[in-house]
A.B. asks: 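One structure, pasted below without further comment.
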2 protein chains.
Amino acid sequence: MAQKVKLSTIGESLGVSTATVSLALRDSPLVAEATREKVKAHALEMGYIYNRRAASLRTSKSGILGVVVHDIMNPFYGEILRAIEMELDRSRQTFILSNHYDRVEKQRDFLETLMQLGADGVIMSPAIDTPASDMELLQKNGLPTVLIARSVPEVDLPVFRGDDKFGISLATNHLISLGHKRIAMIGGTDKTSTGRDRYEGYVEAMHKAGLEVKDEWRIVGPRTKAAGFEAAGQFLALPDKPTAAVCWNDLAAIGLMSGIARAGLRPGIDISVTGYDDLEEASIATPALTTVHNGQPEVGRLAARAMLDRIEGKHSAHGELTLIKPELHIRQSTSKVVERL
Amino acid sequence: MAQKVKLSTIGESLGVSTATVSLALRDSPLVAEATREKVKAHALEMGYIYNRRAASLRTSKSGILGVVVHDIMNPFYGEILRAIEMELDRSRQTFILSNHYDRVEKQRDFLETLMQLGADGVIMSPAIDTPASDMELLQKNGLPTVLIARSVPEVDLPVFRGDDKFGISLATNHLISLGHKRIAMIGGTDKTSTGRDRYEGYVEAMHKAGLEVKDEWRIVGPRTKAAGFEAAGQFLALPDKPTAAVCWNDLAAIGLMSGIARAGLRPGIDISVTGYDDLEEASIATPALTTVHNGQPEVGRLAARAMLDRIEGKHSAHGELTLIKPELHIRQSTSKVVERL
DNA sequence: CTGAAAGCGCTTACAG
DNA sequence: CTGAAAGCGCTTACAG
């Protein structure tokens with residue numbers, strides 16, 4: 001590769017100062033129009049590449065935004081990321097991504113990297129058991145932070161997520177209205193706010209309807225298709241044979257339906273199943289999945305918007321919680337109760 | 001936030017030079033052990049954050065690696081990314097990700113950003129119609145490049161991908177051996193090397209077996225579940241009623257099966273379907289999908305390894321093509337031919 | 001409207 | 001083993 005072209009290279013060959021070149025390239029009105037155009041044409045011709053590191057060192061703005069989630073391969077996060085990407089596309093921010101796989105150390109490593117790169121902010125779905133001190137470190141180092149999907153107890157930061165308790169009650173009540181009385185809850189964990197809130201909402205809805213909730217009817221854990229698939233055996237062997245399953249998310253629900261079908265029963269007919277999230281593939285599954293719209297596009301868009309506003313100094317919002325209103329989408333995976341023999 | 005802690009802050013409070021602090025923090029043997037430990041303890045205590053931009057400006061190594069694919073929400077790329085991430089985890093490289101959605105301009109923007117950030121390299125699955133000049137620009141600016149999944153015509157760079165032509169012949173021959181004679185090909189496009197190679201391989205296998213291939217039996221396009229799902233109607237209405245479908249990838253195959261099931265036929269029994277890629281969810285689908293292992297983990301691992309080697313100056317490999325050997329995984333979505341009425 | 005100079009926070013020869 | 005100094009490529013007051 002040839003000698004690197006920099007501002008001074010352009011300046012010298014044009015007989016102007018680097019300051020002028022710098023201003024011209026950034027469309028400063030301080031520079032005469034004729035000069036500006038001459039500089040720009042020359043920069044293009046010489047194959048000039050702007051050195052962001054140098055600029056960033058000087059201005060302490062990096063144009064980098066961090067995004068951390070549990071796992072980008074999970075379509076729930078994928079759909080949020082897509083919305084973030086779209087919103088950011090209009091700005092000049094580059095976003096850099098990381099999975100934490102719910103390992104606090106991996107998350108910490110990435111946050112440290114962001115600080116080293118002088119990131120302008122971070123949008124994150126915090127790992128399970130994230131200590132408040134990790135979040136405080138970000139504040140101390142001036143890294144604006146916005147939370148998505150999950151809250152961190154005792155931490156005062158803007159959060160964008162769905163109203164889990166209300167959302168799961170929609171699914172549970174729908175099954176109750178179809179005559180189901182023995183309803184199991186599959187998936188999730190008490191270690192996240194979503195896990196706790198959704199279980200609580202399910203229990204409350206059952207009790208309000210005067211229905212019994214058995215501890216054994218809760219299968220803790222599944223969050224993926226594979227895990228939902230594997231849970232089918234356990235579900236079908238549950239005491240008192242529940243006729244329906246409220247799943248913690250769509251992936252577990254789709255996996256569970258597949259497992260039920262393998263066992264020779266018909267999901268949506270013999271066993272009713274609800275999901276949560278309304279992933280794009282929920283409507284494509286067979287049977288199409290009855291599920292709760294959890295607002296991934298809104299969460300991503302609003303979180304990105306809030307971050308951009310903060311970077312642009314529009315306001316320094318503190319700790320408000322924005323709940324997206326869930327909606328029930330009824331499809332073919334739920335139907336009137338059929339007693340199992 | 002308090003005054004920023006930098007090397008000189010530590011140096012001053014300890015009565016040593018910034019050079020010594022710098023060396024000590026990087027474990028240079030030039031620094032006395034006692035000094036090193038004193039410096040490190042102090043840095044930790046003062047909450048020192050290493051400024052990578054400054055270091056990178058000086059050394060022209062950024063520790064940043066770019067990864068560009070069509071769409072990270074596609075599990076095919078997700079599985080490759082996971083492997084890249086694992087391989088990179090052991091190094092100190094940060095990777096930054098972008099989708100190009102097969103839009104050459106979006107890809108170009110991101111490559112420009114990488115050059116601005118002084119990235120150490122880029123691993124990419126090039127967008128459709130990527131001009132050779134875009135790739136040459138990278139070389140001119142000293143950005144090492146490794147290609148995955150797709151080749152770019154006329155461009156001499158290392159490529160890691162599956163042997164598409166051979167792989168699709170495994171699927172096609174498997175169906176032929178089950179007695180299928182009218183086999184359709186669903187999905188893919190002539191605009192990518194994978195689309196061309198797989199269609200060619202399918203045609204060749206059919207001809208070798210003395211079977212006819214009709215133009216109408218090719219449904220160009222589907223690459224996602226949604227598209228595969230929608231293609232089911234078209235497939236079922238095809239002239240001469242094919243009894244089997246070779247799909248361009250697993251997503252299209254899974255979608256197609258779902259669409260076939262909705263239409264009241266039984267995929268795997270009434271219609272045989274093969275996929276391509278062997279995604280993690282292929283084995284979970286019902287019926288479990290017969291498909292071709294396309295080596296995503298190997299592709300990711302090898303590409304990342306090649307990139308790291310190049311960064312570390314181990315060798316400057318040029319333009320060799322590494323083909324991963326495909327393997328047929330037979331499951332429940334294929335069975336002996338049943339004539340359709 | 002343009003230029004000379006300082007400085008962002010590191011690392012790397014070089015000298016001792 | 002340690003320090004003083006230069007320089008990476010920008011941007012930003014400041015002066016004219």
Side-chain angles (χ1 to χ4, degrees), chain A residues 1 3-40 42-43 46-64 92 113 115-120 141-142, chain B residues 1 3-40 42-43 46-64 92 113 115-120 141-142:
Chain A
M1 100 208 200
Q3 200 62 14
K4 207 98 189 171
V5 178
K6 46 192 175 180
L7 291 189
S8 62
T9 323
I10 301 174
E12 277 162 28
S13 91
L14 238 43
V16 298
S17 72
T18 60
T20 300
V21 177
S22 171
L23 292 168
L25 289 178
R26 283 175 297 135
D27 284 320
S28 162
L30 286 173
V31 176
E33 170 119 13
T35 315
R36 202 190 313 161
E37 281 172 11
K38 207 170 48 175
V39 168
K40 283 190 165 185
H42 220 71
M46 299 180 85
Y48 171 67
I49 303 277
Y50 179 68
N51 188 326
R52 276 219 222 183
R53 294 167 288 177
S56 162
L57 183 58
R58 180 60 227 252
T59 62
S60 60
K61 288 247 151 215
S62 63
I64 288 176
R92 295 301 309 164
T113 296
M115 294 190 284
Q116 293 181 350
L117 291 170
D120 296 334
N141 285 281
Chain B
M1 100 208 203
Q3 199 62 16
K4 208 97 187 173
V5 178
K6 47 192 175 179
L7 291 188
S8 63
T9 323
I10 301 174
E12 278 162 26
S13 93
L14 237 43
V16 299
S17 72
T18 60
T20 300
V21 177
S22 171
L23 293 167
L25 290 179
R26 283 174 297 136
D27 285 320
S28 163
L30 287 172
V31 176
E33 169 120 13
T35 314
R36 201 190 315 161
E37 281 173 9
K38 207 169 49 175
V39 168
K40 284 190 162 186
H42 221 70
M46 298 180 86
Y48 171 68
I49 304 279
Y50 179 68
N51 187 327
R52 278 220 221 181
R53 293 168 288 178
S56 162
L57 183 57
R58 180 60 228 252
T59 61
S60 59
K61 289 246 151 215
S62 64
I64 288 177
R92 294 302 307 163
T113 297
M115 293 190 284
Q116 293 181 350
L117 291 170
D120 296 334
N141 285 281

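Worth knowing before you read on, the calculation uses all heavy atoms, side chains too, and leaves out hydrogens, waters and symmetry mates. Lettering follows sequence order; numbering is per chain, from 1.
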A.B. asks: When you check the phosphate oxygens OP1 and OP2 of D:dT12, does a side-chain N or O of A:Arg26 lie under 4.0 Å from one of them?
C.D. replies: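 For D:dT12, OP1/OP2 do have a side-chain N/O of A:Arg26 under 4.0 Å.
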A.B. asks: Below 4.0 angstrom from OP1 or OP2 of C:dT11, is there any side-chain N or O of B:Ser22?
C.D. replies: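 Answer is yes, contact under 4.0 Å.
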A.B. asks: Nearest whole angstrom, please: distance from the P of D:dC1 to the NZ of B:Lys38.
C.D. replies: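 In whole Å, D:dC1 P lies 14 Å from B:Lys38 NZ.
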A.B. asks: What is the distance from NZ of B:Lys61 to C1' of D:dC8, rounded to the nearest Å?
C.D. replies: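 My rounded result for the distance is 15 Å.
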A.B. asks: For the pair made of CG in B:Asp27 and C1' in C:dT11, what is the distance, rounded to whole Å?
C.D. replies: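 Distance, rounded to whole Å: 16 Å.
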A.B. asks: Would you say A:Tyr48 reaches D:dG9's phosphate, i.e. side-chain N/O to OP1/OP2 under 4.0 Å?
C.D. replies: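 Looking at the OP1 and OP2 atoms of D:dG9, neither is under 4.0 Å from any side-chain N or O of A:Tyr48.
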A.B. asks: Is the phosphate of C:dT11 approached by B:Thr18 (side-chain N or O, under 4.0 Å from OP1 or OP2)?
C.D. replies: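 Indeed not, no polar side-chain atom of B:Thr18 lies that close.
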A.B. asks: Looking only at side-chain atoms of A:Ala54, point me to the closest of C:dC10, D:dT11, D:dC10.
C.D. replies: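 The answer is D:dC10, which lies nearest to the side chain.
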A.B. asks: Without decimals, in angstroms, what is the distance between B:Glu12 CD and D:dA4 C1'?
C.D. replies: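 After rounding, the reported distance stands at 14 Å.
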A.B. asks: Just call it for A:Gly15: base, sugar-phosphate, or nothing, with non-hydrogen atoms closer than 4.0 Å on any strand.
C.D. replies: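 Sugar-phosphate: the residue A:Gly15, judged by heavy atoms under 4.0 Å, touches backbone atoms but no base.
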A.B. asks: Picking from D:dT11, C:dC10, D:dG9, which would you name as closest to the side chain of A:Asn51?
C.D. replies: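 So the nucleotide nearest the side chain must be D:dG9.
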A.B. asks: For DNA chain D, whose closest nucleotide is more 5', that of B:Arg58 or that of A:Ile49?
C.D. replies: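 Closest to the 5' end, via its nearest nucleotide, is B:Arg58.
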A.B. asks: What is the distance, rounded to the nearest whole Å, between atom NZ of B:Lys6 and atom C1' of C:dC8?
C.D. replies: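 Those two atoms, NZ and C1', are 8 Å apart.
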A.B. asks: Testing B:Ile10, B:Thr35, B:Val21, B:Leu25 for side-chain contact (heavy atoms from CB on, under 4.5 Å) with B:Lys40, which one passes?
C.D. replies: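 Per the side-chain contact (heavy atoms from CB on, under 4.5 Å) rule, the option paired with B:Lys40 is B:Leu25, out of B:Ile10, B:Thr35, B:Val21, B:Leu25.
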A.B. asks: Under 4.0 angstrom, heavy atoms only, what part of the nucleic acid is B:Ala19 near: base, sugar-phosphate, or nothing?
C.D. replies: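 Contact class for B:Ala19: base.
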A.B. asks: Hey, are the side chains of A:Asp27 and A:Arg36 touching, using non-hydrogen atoms and a 4.5 Å cut-off?
C.D. replies: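 Yes - at least one pair of side-chain heavy atoms lies under 4.5 Å apart.
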A.B. asks: Roughly how many Å is it from OH in A:Tyr50 to P in D:dG9, rounded to a whole number?
C.D. replies: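 Distance check: A:Tyr50 OH to D:dG9 P gives 14 Å.
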A.B. asks: Figure out the CG/P separation between A:Leu117 and C:dC8, and round it to whole Å.
C.D. replies: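 To the nearest whole Å, that distance equals 20 Å.
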A.B. asks: Flag the pair A:Thr18 / A:Glu12 as yes when at least one side-chain heavy-atom distance between them is below 4.5 Å, and no otherwise.
C.D. replies: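 Heavy-atom side-chain distance check fails, nothing below 4.5 Å.
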A.B. asks: Describe the nucleic acid contact of B:Ala55 in one word from base, sugar-phosphate, nothing, applying a heavy-atom distance below 4.0 Å.
C.D. replies: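 Here B:Ala55 touches the backbone only, sparing every base.
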A.B. asks: Give one of base, sugar-phosphate or nothing for A:Ser56, where a contact means two heavy atoms less than 4.0 Å apart.
C.D. replies: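 Nothing, no nucleic acid heavy atom in range.
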A.B. asks: With respect to the phosphate group of D:dA4, does any side-chain polar atom (N or O) of B:Ser17 fall under 4.0 Å of OP1 or OP2?
C.D. replies: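 No.
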A.B. asks: Decide yes or no on side-chain contact (heavy atoms from CB on, under 4.5 Å) for A:Arg26 and A:Ser28, but give the supporting numbers first.
C.D. replies: CA-CA 6 Å; A:Arg26 283 175 297 135; A:Ser28 162; 5.6 Å; no
A.B. asks: Grab the CG-P distance between A:Leu57 and D:dG7 for me, whole Å please.
C.D. replies: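 Interatomic distance, CG of A:Leu57 to P of D:dG7: 17 Å.
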A.B. asks: Would you check if B:Leu117 and B:Ser62 make a side-chain contact, meaning some heavy-atom pair closer than 4.5 Å?
C.D. replies: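 No, too far: nothing below the 4.5 Å cut-off.
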A.B. asks: Considering only side-chain heavy atoms of B:Thr35, which listed nucleotide, D:dC1, D:dT12, D:dC10, is closest?
C.D. replies: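 Of the options given, the side chain of B:Thr35 lies nearest D:dC1.
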A.B. asks: Suppose we define a pair by two distances each less than 3.5 Å, Watson-Crick or G-U wobble; what does D:dG3 pair with here?
C.D. replies: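 D:dG3 is paired, partner C:dC14.
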A.B. asks: A:Thr20 side chain N/O closer than 4.0 Å to the phosphate oxygens (OP1, OP2) of C:dG3?
C.D. replies: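 Checking A:Thr20 against C:dG3: at least one side-chain N or O falls below 4.0 Å of OP1 or OP2.
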A.B. asks: Going through the distances and angles, do B:Ser13 and B:Met46 end up as a side-chain contact (heavy atoms from CB on, under 4.5 Å)?
C.D. replies: CA-CA 10 Å; B:Ser13 93; B:Met46 298 180 86; 4.1 Å; yes
